[in-house]
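Computed from heavy atoms alone, side chains included, the values below leave out hydrogens, waters and symmetry copies.
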Amino acid sequence: MDLNFLMKLCEEKQGAELDYHLRWDAARYRVGNKMFAAISTDKGLRITLKCDPILSDVLRQQYPQVAPGYFMNKKHWNTITVDGLIPEEELKKWIDISYSLVFNSLTKKMQKEISEVGLSGERKRRL
């Protein structure tokens with residue numbers, strides 16, 4: 001899995017917006033103004049994703065590539081080093097979980113607006 005593939009997975013999420021966070025030196029993906037993923041390459045390819053706290057602990061024990069979220073709440077976020085040792089399907093699933101957690105935390109009104117735009121809607125890019 002490479003940078004372009006990770007970015008594509010995040011960009012395909014309904015209502016996803018991409019911007020760049022200078023302090024983190026990371027591409028940040030948001031839905032409804034809330035981040036669901038951050039991708040950085042400063043110390044190798046890494047992605048930070050939101051996660052259920054119980055699942056976070058399990059993943060950190062199972063994979064040495066999974067660590068508490070860098071610059072984030074360590075209970076709810078994981079930073080994953082993408083080195084080819086974690087199966088692609090697992091990473092895809094973790095991106096889906098992160099997106100769902102963030103999307104479901106939005107107001108019902110915002111969820112409806114995002115759902116109505118659909119995947120054919122324009123995505124904003126602010127790099």
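Taking the side chain as every heavy atom from C-beta outward, P53 and H76 approach each other to under 4.5 Å. Side-chain contact between V66 and I86 is present, with heavy atoms from C-beta onward closer than 4.5 Å. Considering only heavy atoms from C-beta on, L45 comes within 4.5 Å of I39 through its side chain. No side-chain heavy atom of K13 sits less than 4.5 Å from a side-chain heavy atom of F103.
Shown here for C10 and I95, the closest heavy-atom pair between the two residues is SG-CG2, 4.3 Å. Shortest non-hydrogen contact noted between A27 and L18 is CB-CD1, 3.8 Å. Of all heavy-atom pairs between G69 and T48, the closest is CA-CG2, 4.4 Å. Minimum interatomic distance between A26 and A38 (heavy atoms only, all atoms of both residues): CB-CB, 4.4 Å. Closest approach of H21 to R28, counting heavy atoms only: CD2-NH1, 3.1 Å. Between L49 and W77, the shortest heavy-atom contact is C-CE3, 3.2 Å.
The CG atom of L6 lies 6.5 Å from the CG atom of L91; values are rounded to the nearest 0.5 Å. Between the NZ atom in K34 and the CG atom in L101 there is a gap of 11.0 Å [rounded to 0.5 Å]. Taking CD1 of I47 as the start and OG1 of T81 as the end, the distance is 11.5 Å to the nearest 0.5 Å. Note: R46 CZ to L3 CG = 13.0 Å, rounded to the nearest 0.5 Å. To the nearest 0.5 Å, the span separating CD on Q62 from CG on L55 amounts to 9.0 Å. For the atom pair E90 CD and L85 CG, the distance stands at 13.0 Å (nearest 0.5 Å).
Remark: side-chain polar atoms of S100 are not paired, donor with acceptor, to backbone N or O of I97 under 3.5 angstrom. In terms of modelled atom types and a separation under 3.5 Å, the side chain of N78 and the main chain of I80 share no donor-acceptor contact. The main-chain N or O of P68 is never found under 3.5 Å from a side-chain atom of K74 such that the two would form a donor-acceptor pair. Counting only distance, with no hydrogens or angles, the side chain of S98 and the backbone of K50 share a donor-acceptor pair below 3.5 Å. Between the T41 side chain and the G44 main chain, no donor and acceptor come within less than 3.5 Å of each other. For E17 (side chain) and R30 (main-chain N/O), no donor-acceptor pair under 3.5 Å exists by modelled atom type. Side-chain atoms of Q111 come within 3.5 Å of backbone atoms of L106 as a donor-acceptor pair (strictly under, hydrogens ignored).
Salt bridge present: K8 and E12 bring a charged side-chain N and a carboxylate O closer than 4.0 Å.
By the 6.0 Å contact criterion, NZ on K112 is open, its count of non-hydrogen atoms from other residues, nucleotides or ligands being 12 or less.
Under the 30°/60° scheme for interplanar angles, the aromatic rings of F36 and Y29 are found to be tilted.
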